[in-house]
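We number each residue from 1, following the sequence as shown. Just so it is clear, the structure is predicted and the values come from calculations on it, not from any experiment.
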Amino acid sequence: EAEPAPGGEGIDDLFSRLRGGGSATPAVVVASAPEPEPVPEPAPAPPRERPPLRAVPAAAGPDPFELRDRLLLPLTNKALRDAKRAIVDIQNVVLEELRTSGGEWSPEPGAFVAELGPTLAELSSASRSAGALAAAELSGADRPPDLAEPETQEGPDVSAALREGLTQVLGRSAEAGGGPRQQSATVSRFFRAWRTDEAERRLRHAAFAAFHRGLLDACAELGVPAVAGRADGRTCAACPASTGEPWRPRDEPPNGTAIPPAHDDCSCTVVPAP
């Protein structure tokens, strides 16, 4: 007979229990964890207060440099086209004179005025009127004043500059001992430079000079009490933009400065003083 297994439990009891006939082992009851209390959702944050929009103030009046260029560009372009045609005619005359005189020729003091004079006079008058129009826009006037034509041409004399330059070229050619062919080649190069960069630079300078004189005269007629120089990036010491001091439109600029353009490369301008 089989002895009971240690612990008081026989094999029959073990089989009986495995077949389901014995007493069941008490089930282990696992206590479920309590459900967590619902966490209240956070209240939505109040909308962030935005600062009120502020209008950005516009610049006081039009840009004086954009205004000047806009008014003068059509005038200088037309003058440059007319001047180039006149310079070609002058070149042909000069080369013919040199050929027939054997190189012994020099331009008279009044030479080239008949060819270039009408173009320069038209440019000066139109640029002066453009300056009056700019003064009205810059000062807020309804319309520009009617300006009287100046007694003499304002600004540099381009025809005189052409004659003086040609005289110097002929003098250097004669000193170098060049023959008629070399002389003609030198003169042709001189006129070619004038038909390109030199004429454009000279006409621009003349237009700026008449423009600013018209602007100052118009400011005086419109009752603008004071004007001031304004530099376009670079300040040149020769014009009033370098001092920052205002002056009355009918007076001369302060500290011995000159009305723009004070020199060939001066791009400063004049505006009503704030």
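- Of the inter-residue distances, the one linking L95 atom CG with I90 atom CD1 reads 12.0 Å to the nearest 0.5 angstrom.
- Residues passing the salt bridge (Lys or Arg N to Asp or Glu O under 4.0 Å) test with D251, sequence neighbours excluded: R248.
- For E96, the side chain to side chain contact (heavy atoms under 4.5 Å, CB included) partners at least two apart in sequence or on another chain are R99, T100.
- Taking 4.5 Å as the limit, every side-chain heavy atom of L215 sits out of range of all side-chain heavy atoms of V271.
- Annotation: side chain of P249 is not in contact with side chain of D217 (no heavy-atom distance under 4.5 Å).
- Judged as a salt bridge (Lys or Arg N to Asp or Glu O under 4.0 Å), and not counting sequence neighbours, the contacts of E137 are R70.
- Here the shortest heavy-atom pairing between D157 and S159 reads OD1-OG, 2.8 Å.
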Task: Verdict with supporting geometry, Q182 and S173, side-chain contact (heavy atoms from CB on, under 4.5 Å) - done: CA-CA 8 Å; Q182 289 78 8; S173 179; 5.5 Å; no

Please report, to 0.1 Å, the donor-acceptor pairs under 3.5 Å made by any side chain of residues 162-171, with sequence neighbours excluded.
{"from": "R163", "atom 1": "NE", "to": "P109", "atom 2": "O", "distance (Å)": "3.1"}
{"from": "T167", "atom 1": "OG1", "to": "R163", "atom 2": "O", "distance (Å)": "2.9"}

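- The side-chain hydrogen bond (donor to acceptor under 3.5 Å, both in side chains) test applied to R202 returns E198, not counting sequence neighbours.
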Report, one line per pair, each donor and acceptor closer than 3.5 Å where one atom sits in a side chain of residues 255-270; sequence neighbours left out.
{"from": "N255", "atom 1": "ND2", "to": "E245", "atom 2": "OE2", "distance (Å)": "3.2"}
{"from": "T257", "atom 1": "OG1", "to": "P254", "atom 2": "O", "distance (Å)": "2.7"}
{"from": "H263", "atom 1": "ND1", "to": "D265", "atom 2": "N", "distance (Å)": "3.2"}
{"from": "H263", "atom 1": "ND1", "to": "C266", "atom 2": "N", "distance (Å)": "3.2"}
{"from": "D264", "atom 1": "OD2", "to": "R201", "atom 2": "NH1", "distance (Å)": "2.5"}
{"from": "T269", "atom 1": "OG1", "to": "H212", "atom 2": "NE2", "distance (Å)": "2.9"}

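- We find the OG-CG distance between S129 and D146 to be 9.0 Å, quoted to the nearest 0.5 Å.
- When the shell of 6.0 Å around CZ of R230 is examined, it contains 12 or fewer heavy atoms from other residues, nucleotides or ligands.
- In this structure K84 satisfies the salt bridge (Lys or Arg N to Asp or Glu O under 4.0 Å) test with no other residue, sequence neighbours excluded.
- Follow the hydrophobic side-chain contacts under 4.5 Å out from F211 and you never reach F65; the two are in separate clusters.
- V113 and L116 fall into different hydrophobic clusters, defined by Ile, Leu, Val, Met, Phe, Trp and Tyr side-chain heavy atoms under 4.5 Å apart, directly or through other members.
- Counting heavy atoms from C-beta on, the side chains of V88 and N92 come closer than 4.5 Å.
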Distance-only donor-acceptor hits, side chain of residues 101-108, under 3.5 Å, sequence neighbours excluded:
{"from": "S101", "atom 1": "OG", "to": "E97", "atom 2": "O", "distance (Å)": "2.7"}
{"from": "S101", "atom 1": "OG", "to": "E104", "atom 2": "N", "distance (Å)": "3.4"}

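- Applying the salt bridge (charged side-chain N to carboxylate O under 4.0 Å, His left out) test to every pair with at least one member in residues 110-122, sequence neighbours left out, gives these pairs: K78-E122.
- Rounding to the nearest 0.5 angstrom, the gap separating the CG atom in L98 from the OG1 atom in T186 is 10.5 Å.
- Side-chain contact check for L222 versus P145: some heavy-atom pair is nearer than 4.5 Å.
- T196 OG1 to I87 CD1: the interatomic distance, rounded to the nearest 0.5 Å, is 9.0 Å.
- L80 and W194 fall within a single hydrophobic cluster, where Ile, Leu, Val, Met, Phe, Trp and Tyr side chains are chained together by heavy-atom contacts under 4.5 Å.
- Across all their heavy atoms, S124 and A210 have their closest contact at O-CB, 3.5 Å.
- For P62 against L67, the heavy-atom pair with the smallest separation is CG-CD2, 4.3 Å.
- With sequence neighbours left out, E252 forms a salt bridge (Lys or Arg N to Asp or Glu O under 4.0 Å) with no residue at all.
- For R250, the side-chain hydrogen bond (donor to acceptor under 3.5 Å, both in side chains) test picks out E221, with sequence neighbours left out.
- When the side chains of ILVMFWY residues are joined at heavy-atom separations under 4.5 Å, either directly or via intervening members, L71 and L147 end up in two distinct hydrophobic clusters.
- Residues satisfying the side-chain hydrogen bond (donor to acceptor under 3.5 Å, both in side chains) criterion with S125, sequence neighbours excluded, are E149.
- Atom CG of L123 is separated from atom CZ of R204 by 12.5 Å, given to the nearest 0.5 angstrom.
- Of all the heavy atoms in V227 and V224, the pair that sits closest is CG1-CG1, 4.3 Å.
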